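If you're wondering where the values come from, they're calculated on a predicted model, not measured in any experiment.
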Amino acid sequence: MTAVAWLDRLDPEQAIRVAGPKLGRLVRLRAAGIPVPAGFVVTGEAFRQAMATLGLAGEQADTLARLAAGELDPAGAAATLQPRLADCQLPAPLLSDLNTHYQQLCARRTAPELPVAVRSSATVEDSATASFAGIFVTSLGVHGADQVAAAVRRCWASLFSERALSYAARTSVDLAAASMAVGVLELIEATSAGVAFSMHPVTGDQQVVVIEGAWGLGEAVVSGSVTPDQLEVSKPDGSIRRWEVRDKARMSRPDGATGTVVEVATPDQLRRAPCLTAGQAQQIAGYVAEVERRFGCPVDVEWVVAAGAAEDGEGSVYLTQARPISVVSPAAGRR
């Protein structure tokens, strides 16, 4: 297995092992014909090899052993490991491979410095006992080879953040055996975005898809900083059972200079306007139902409508994440 691999060339049956659960599921969706952003993955094996090449594997093992023995607290362990990864020089062969893939992705989209999302995909995410929801790093709006390399290092370092180490201890997860794959995906210019559930997250009704969305990127929805529009779409016939349009005062957009997401005021003409058309909502619901069928369990997904979308949604909706629903509650799907 190469250190860097295109998502659309990975074997769907092996993808989770190579790319971690988050990215591995996107490979499965792409193979099923569901639109996901184009991109590539710096594999978990590349992370392990880099740790050895950089001489950090021994320090990782020693630091985690001291943490387990109570000689270090999570803050102390994070202070030891995180800077070493965040500030490291990537091994030359890996850096060359990463740059080549980024340049080829730019060429595919005829954009010299294509904005991308750099997403962590740790092997320990979304397990039956530990989700690590919202703990590992994602950088949005990253552009340029140097920024992409820096974002990969930030994802690696987030495996050993104080939050990750504390959560791992609470859930009895052994981070010494974990690896961190990193996805570099085209950042879809979003008109609107949000989350969707293949069952009602409060009532448990399995005959509806519940969609929540707002203008811009989906971070404002996921974080709960905006009250999103909410729709219920019938699985049996695709009809829209309920549609509540809310006052969406804030919206998220990428800050390309920092690779972070910032919130801004929603333009007045959009605040109380629906962020989806009926056609787009029905297309999202259809994708969600198909993901549920393929995964064999209720799921939540994150979706985005690309700028310039047609009203019927055709060719405009992308899924950026999918995972099993682990908790039926109002907070299900929040990272």
Side-chain angles (χ1 to χ4, degrees), residues 7 10-37 41 44 119-136 138 167-168 171-173 178 181 183 185 193-213 218 221-222 224 228 230-239 241-242 281-304 317-335:
L7 289 180
L10 286 176
D11 179 351
E13 299 302 318
Q14 301 295 321
I16 289 179
R17 179 181 63 81
V18 172
K22 186 184 296 181
L23 296 172
R25 293 191 188 106
L26 288 186
V27 173
R28 291 178 60 187
L29 298 187
R30 177 181 282 276
I34 295 173
V36 303
V41 58
R119 296 185 177 274
S120 58
S121 184
T123 54
V124 292
E125 288 186 78
D126 297 339
S127 72
T129 58
S131 70
F132 283 87
I135 289 178
F136 300 126
T138 289
Y167 183 79
T171 54
S172 301
V173 172
L185 309 174
V195 298
F197 311 93
S198 69
M199 62 182 290
H200 199 293
V202 178
T203 68
D205 184 353
Q206 298 190 30
Q207 297 303 305
V208 297
V209 171
V210 177
I211 302 172
E212 297 181 350
V221 177
V222 170
Q230 189 176 82
L231 302 86
E232 293 180 11
V233 182
S234 168
K235 282 185 189 174
D237 62 13
S239 62
R241 293 186 182 179
R242 187 174 64 88
Q282 289 165 331
Q283 188 173 14
I284 292 168
Y287 287 152
V288 172
E290 177 64 12
V291 174
E292 179 183 59
R293 187 184 71 80
R294 289 184 176 273
F295 284 13
C297 63
V299 296
D300 73 70
V301 309
E302 295 179 18
W303 55 267
V304 59
V317 175
Y318 293 80
L319 301 192
T320 59
Q321 187 167 313
R323 62 190 175 199
I325 290 177
S326 56
V327 178
V328 180
S329 74
R334 296 289 190 264
R335 322 189 263 223

On a heavy-atom basis, which atom in [X] and which in [Y] lie closest, and how many Å separate them?
| X | Y | result |
| --- | --- | --- |
| Val41 | Ala181 | CG2-CB, 4.0 Å |
| Ala196 | Ile211 | CB-CG1, 4.0 Å |
| Ala32 | Arg294 | CB-NE, 3.2 Å |
| Ser121 | Pro21 | OG-N, 3.8 Å |
| Thr123 | Ala178 | OG1-CA, 3.5 Å |
| Val317 | Pro35 | O-CB, 3.5 Å |

Spell out, as yes or no, whether a donor-acceptor pair under 3.5 Å connects the side chain of [X] to the backbone of [Y].
| X | Y | result |
| --- | --- | --- |
| Ser198 | Glu292 | no |
| Lys22 | Gln321 | no |
| Trp303 | Leu319 | no |

Minimum side-chain heavy-atom gap [X]-[Y] below 4.5 Å:
| X | Y | value |
| --- | --- | --- |
| Tyr287 | Val301 | no |
| Arg30 | Pro12 | no |
| Arg25 | Pro324 | yes |
| Val209 | Ile284 | no |
| Val195 | Asp300 | no |
| Leu26 | Leu29 | yes |
| Phe197 | Val202 | no |
| Val210 | Pro201 | yes |

>> Is it true that, when you exclude Gln14 itself, more than 12 heavy atoms of the residues, nucleotides or ligands shown sit nearer than 6.0 Å to its CD?
In response: yes
> Could you state the interatomic distance from CG (Leu185) to OG1 (Thr320), rounded to the nearest 0.5 Å?
Replying inline: 9.0 Å
> Going from CD on Gln206 to NE2 on His200, what distance comes out if it is rounded to the nearest 0.5 angstrom?
Replying inline: 12.5 Å
>> Using a strict threshold of under 4.0 Å (side-chain N to carboxylate O), is an ion pair present between Arg323 and Glu125?
In response: no
>> Applying side-chain contact (heavy atoms from CB on, under 4.5 Å), can you list everything that pairs with Ser234, at least two apart in sequence or on another chain?
In response: Pro236, Asp237, Ser239, Arg241
>> Taking side-chain contact (heavy atoms from CB on, under 4.5 Å) as the definition, give me every residue that meets it alongside Ala168, ordered by chain and number, with sequence neighbours left out.
In response: Phe132, Val173, Leu175
> Would Gln230 and Arg242 satisfy side chain to side chain donor-acceptor pair (under 3.5 Å), going step by step from the backbone distance to the final call?
Replying inline: CA-CA 8 Å; Gln230 189 176 82; Arg242 187 174 64 88; 2.4 Å; yes
